[in-house]
Amino acid sequence: MQLSGYFQRFDKNQLQHFANGLGAPIVLLAIMGMVILPMPPFLLDVLFSFNIALSLVIILVAVFTQKPVDFGIFPLVLLIATVLRLALNVASTRVVLLYGHEGGDAAGKVIEAFGAVVIGGNYAVGVVVFAILLIINFKVVTAGAGRISEVSARFTLDAMPGKQMAIDADLNAGYIDQDEARKRREEITAEADFYGSMDGASKFVKGDAVAGLFIMLINIVGGLFIGMIQHDLSFGNALEVYTILTIGDGLVAQIPSLLLSVATAIIVTRENETQEMGKEIRNQLGNPQALFIASAVLFVMGIVPGMPHIAFLGFSAIAAGYAIWQTKQAKKAAAQPAVPATVEGGEPVSPEIKELGWDDVQQVDTIGLEVGYRLIPLVDKSQGGELLTRIKGVRKKLSQELGFLVPPVHIRDNLDLDPNAYTISMLGVSIGDAQISHDEELAINPGQVFGKLDGRPTTDPAFGLDAVWIRPNQREHAQTLGYTVVDAATVVATHLSQLLSNNAYQLLGHEEVQQLLDMLAKSSPKLVEGLVPDILQLSTVVKVLQTLLFEGVPIRDMRTIVQTLSEYGPRSQDPDVLVSAVRIALKRLIVQEISQGTKEVPVITLAPELEQMLHQSLQAGGEDGAGIEPGLADRLQQSLQQAAQQQELNGEPAVLLTSGMLRPVLSRFLKYSVAGLHVLSYQEVPDDKQIKIVSSVGQ
């Protein structure tokens with residue numbers, strides 16, 4: 001029963017996926033088999049026919065492709081076809097040299113047909129025809145296509161900054177929107193990649209043409225030795241037999257090679273416009289004036305005695321007829337004027353540009369992540385990118401910890417950035433950036449390691465720790481030395497999580513607070529009823545919750561928060577007073593977040609004289625701390641920073657305990673100057689917690 005259930009789960013889609021994954025290995029094994037193992041003549045006929053058919057398909061696709069970049073897989077197809085043809089050359093050479101003395105069809109019907117029919121069984125004619133094909137392929141088609149590929153690749157790369165600036169200008173002017181701009185940037189990147197690949201792919205074609213010449217010479221010389229020494233053939237007989245087979249083999253390979261060379265030339269010489277090749281030729285060569293002149297010249301040549309009259313006069317008539325038809329089509333198109341737009345009264349009106357509306361105003365992203373083009377694999381699931389999954393996990397974790405839904409992260413690529421750089425923005429303002437390597441891993445020094453690593457020294461963007469970029473195969477060695485090793489996607493996700501945690505208060509607005517109140521009303525309708533707007537305005541509630549998040553207090557316990565606001569709201573509308581009351585109500589949650597459930601809370605206190613001085617400064621300068629003397633403020637920051645660093649070295653949280661009046665001021669004052677310091681008032685320490693004074697600042 002278990003096996004039956006397993007095979008039921010292994011459905012048709014899984015089998016198809018498994019079969020699709022076998023395509024490339026089978027092709028590689030087949031090519032290796034053609035090089036290593038002897039092949040029967042019948043199989044050679046099948047593969048040579050397939051090679052010619054593949055070349056025909058490729059050149060026809062190149063002709064009918066509307067835009068060169070649309071055939072983006074052409075360099076890869078060209079490589080595969082070239083390797084396949086070279087492998088066939090090796091396989092056919094083996095058969096020709098082993099069995100050529102047995103007769104013309106010993107190496108297969110295809111080689112015999114090209115040796116007997118195409119060149120009439122005359123090896124001298126075959127050598128000349130083969131040499132001409134090589135010259136055409138190598139010196140004309142391949143050389144020209146290679147030069148055009150090189151120049152196109154260089155000019156395309158040089159033009160990328162200008163094209164990017166043009167896109168930005170159109171976007172800023174309002175001619176295009178963000179989606180259209182992104183589409184054009186992707187087209188620019190695809191065009192640069194395509195012409196860069198074509199520059200290298202043209203070298204395959206050139207090398208293939210040279211290889212054909214050497215293979216022919218080696219086969220003729222080898223056939224002479226084998227025929228004369230091993231099979232006792234005369235020089236003339238051996239030369240005729242093996243040369244005809246070699247020329248037939250070479251023609252079978254050179255014709256597909258010439259087709260691929262022409263396909264390469266067609267692709268690189270076409271303009272990057274969305275139009276079929278046939279339509280381009282009709283539009284640009286169908287000039288009636290040029291056709292009439294050409295018809296007249298052909299007519300004069302056709303009536304000259306001794307000239308082939310039917311051929312020249314026939315083409316003269318065809319050119320004149322096509323010119324007349326083109327002229328009539330142009331007159332018919334000109335005789336059909338465009339119908340002007342009319343209003344209700346019948347008067348024509350000129351077309352007007354659509355009036356701007358509010359839909360044309362682009363809103364900034366609440367959270368944005370822009371990446372350079374080399375980091376695109378991190379966010380592309382088809383390339384194995386895991387960053388989207390990591391970001392989703394970060395949003396879920398932060399939403400559970402903070403108590404409200406963190407908005408989605410809008411991810412886009414930015415060609416203006418360094419290829420390995422990314423930028424994190426909030427409400428349109430950059431709040432963090434860094435450079436990473438998507439194909440390497442980051443070994444972070446947590447504070448104590450037992451050796452050095454070979455790699456590029458850097459700094460962890462999230463916490464500023466020393467780190468080293470290493471290769472993935474160094475992961476285990478780095479972990480044994482005590483390093484914490486993470487991949488590039490985790491680096492970006494951790495950096496994003498850290499920045500969102502520090503700036504969570506900016507993510508909470510009126511809509512989010514109303515959503516929180518609506519959710520609470522489902523379980524406690526009487527508690528929420530009458531709070532907004534009877535007791536407090538919604539903006540005041542938003543300010544209170546934003547301040548709590550600014551001070552690192554999660555708002556998960558909305559029931560206690562709303563209950564406290566309902567109790568203290570009628571007494572005061574001051575957000576700072578309400579925040580202090582809510583913090584006291586949430587003191588167990590606050591201290592638990594800081595002390596992680598320990599009974600004893602280590603705290604840093606202020607000397608009584610210093611605290612009294614700060615009280616006087618606060619009364620003189622207002623509640624924003626502006627009255628604190630600058631020298632005193634600087635010394636206070638330095639002392640608290642040293643005390644906080646000592647607590648961090650001891651593995652304990654840094655907590656400053658002060659009076660309820662000083663707590664809001666010092667919390668804002670020390671928020672960014674002393675990292676990791678928690679400011680509590682005496683009233684915010686739960687009764688079941690013991691206080692241990694570890695240092696006193698100001699003594």
**Study point:** pair Pro533-Leu538: side-chain heavy atoms closer than 4.5 Å
**Key:** no
Revision key, fill the gap. When rounded to the nearest 0.5 Å, the distance separating OG of Ser595 from CD of Gln690 is 12.0 Å
Check your understanding: More than 12 foreign heavy atoms under 6.0 Å from CG of Asp454: is that the case here?
Key -> no
**Study point:** Check: Asn503 side chain, Leu499 main-chain N or O, donor-acceptor pair, under 3.5 Å
**Key:** yes
Practice item. Any chance you could lay out the side-chain contact (heavy atoms from CB on, under 4.5 Å) test for Leu508 and Ile555, step after step, and finish with the verdict? Key: CA-CA 11 Å; Leu508 189 72; Ile555 56 175; 4.1 Å; yes
Practice item. Kindly indicate, with the supporting measurements, whether the criterion salt bridge (charged side-chain N to carboxylate O under 4.0 Å, His left out) is fulfilled by Arg556 and Glu593. Key: CA-CA 12 Å; Arg556 297 193 299 267; Glu593 294 283 332; 3.0 Å; yes
Check your understanding: Got Ile444 and Tyr483 here, is their nearest side-chain heavy-atom distance under 4.5 Å?
Key -> no
Exercise for review: List the atom of Ile470, the atom of Glu440, and the distance in Å for their closest heavy-atom pair.
Suggested key: O-CB, 3.2 Å
Exercise for review: For a side-chain contact (heavy atoms from CB on, under 4.5 Å) with Arg390, tell me which candidate from Thr494, Thr490, Leu378 qualifies.
Suggested key: Thr490
Practice item. Report yes or no: does Thr540 contribute a side-chain atom to a donor-acceptor pair with the main-chain N or O of Leu536 at less than 3.5 Å? Key: no
Check your understanding: With distance as the sole test, does Glu512 use its side chain to make a donor-acceptor pair with the main-chain N or O of Gly509 at under 3.5 Å?
Key -> yes
**Study point:** Polar side-chain atom of Gln647 near backbone of Glu652 as donor-acceptor pair, under 3.5 Å
**Key:** no
Check your understanding: At what distance, to the nearest 0.5 angstrom, does CZ of Arg471 lie from NE2 of His477?
Key -> 10.5 Å
Point to revise | Spatial distance of atom CG (Leu517) from atom CG (Leu545) [nearest 0.5 Å] | key: 8.0 Å
Check your understanding: Do Leu640 and Val697 have side chains that get closer than 4.5 Å, going by heavy atoms?
Key -> yes
Review point. Looking at Leu606 and Ser696, what are the two nearest heavy atoms and their distance?
Key: C-OG, 4.0 Å
**Study point:** Greater than 12 external heavy atoms within 6.0 Å of Leu649's CG
**Key:** yes
Practice item. May I ask you to test the Val603-Thr605 pair for a side-chain heavy-atom distance under 4.5 Å? Key: yes
Point to revise | Sidechain N-carboxylate O distance under 4.0 Å for Glu600, Lys689 | key: no
Review point. Does a salt bridge link Asp576 with Arg668, judged by any charged N lying under 4.0 Å from a carboxylate O?
Key: yes
Review point. So, do Ile584 and Thr564 sit near enough that their side-chain heavy atoms are less than 4.5 Å apart?
Key: no
Exercise for review: Flag the pair Lys392 and Glu386 as a salt bridge only when some basic side-chain nitrogen lies within less than 4.0 angstrom of an acidic carboxylate oxygen.
Suggested key: no
Revision key, fill the gap. Between Val674 and Ala644 the two heavy atoms that sit nearest each other are CG1-CB, 3.9 Å
Point to revise | Donor-acceptor contact below 3.5 Å, side chain Ser523 vs main chain Leu520 | key: yes
Review point. So which heavy atom on Arg456 is nearest to which on Ser437, and how close?
Key: NH2-CB, 3.4 Å
Exercise for review: Would you confirm whether Ser667, through its side chain, and Arg663, through its main-chain N or O, come within 3.5 Å as a donor-acceptor pair?
Suggested key: no
Exercise for review: Drop me the distance from Ile367's CD1 to Leu496's CG, to the nearest 0.5 angstrom.
Suggested key: 6.5 Å
Revision key, fill the gap. Interatomic distance, CD@Glu611 vs CE@Met661, rounded to 0.5 Å, equals 10.5 Å
Review point. Given side chains that start at C-beta, do those of Ser681 and Ser580 come closer than 4.5 Å, heavy atoms only?
Key: no
**Study point:** Heavy-atom closest pair, residues Ala489 and Leu387
**Key:** O-CD1, 3.5 Å
Exercise for review: Output, in order, the C-alpha distance, side-chain angles, deciding distance and verdict of side-chain contact (heavy atoms from CB on, under 4.5 Å) for Asp518 and Val528.
Suggested key: CA-CA 8 Å; Asp518 293 341; Val528 179; over 6 Å; no
Going by atom type alone, with no hydrogens or angles, which donor-acceptor pairs under 3.5 Å involve a side-chain atom of residues 394-411 and a protein atom two or more places apart or on another chain?
| from | atom 1 | to | atom 2 | distance (Å) |
| --- | --- | --- | --- | --- |
| Arg395 | NE | Val406 | O | 3.1 |
| Arg395 | NE | Pro407 | O | 3.1 |
| Arg395 | NH2 | Val406 | O | 2.7 |
| Lys397 | NZ | Glu401 | OE2 | 2.8 |
| Ser399 | OG | Arg395 | O | 2.7 |
| Ser399 | OG | Val406 | N | 3.0 |
| His410 | ND1 | Asp365 | OD1 | 3.0 |
| His410 | ND1 | Asp365 | OD2 | 2.9 |
| His410 | ND1 | Arg412 | NH2 | 3.4 |

**Study point:** Audit row: His678, Leu656, side-chain contact (heavy atoms from CB on, under 4.5 Å) steps and yes/no
**Key:** CA-CA 6 Å; His678 305 275; Leu656 174 62; over 6 Å; no
Practice item. Please round to the nearest 0.5 Å and tell me the distance separating atom CG of Leu677 and atom OH of Tyr672. Key: 14.5 Å
Revision key, fill the gap. For His438 and Ala488, the nearest pair of non-hydrogen atoms, with its separation, is CA-CB, 3.8 Å
Practice item. Could you check Leu662 against His615 for side-chain contact (heavy atoms from CB on, under 4.5 Å), going step by step and ending with a plain yes or no? Key: CA-CA 7 Å; Leu662 288 177; His615 274 287; 3.9 Å; yes
Review point. Of the options Asn414, Asp413, Asp433, which is the one that meets Glu370 in a side-chain contact (heavy atoms from CB on, under 4.5 Å)?
Key: Asn414
Practice item. Find out whether Val553 and Arg583 are in side-chain contact, i.e. whether some heavy atom of one side chain is under 4.5 Å from a heavy atom of the other. Key: yes
Check your understanding: Is it true that Arg374 and Asp418 make a salt bridge, defined as a side-chain N closer than 4.0 Å to a carboxylate O?
Key -> no
Review point. Less than 4.5 Å apart, any side-chain heavy atom of Thr423 and any of Leu369?
Key: no
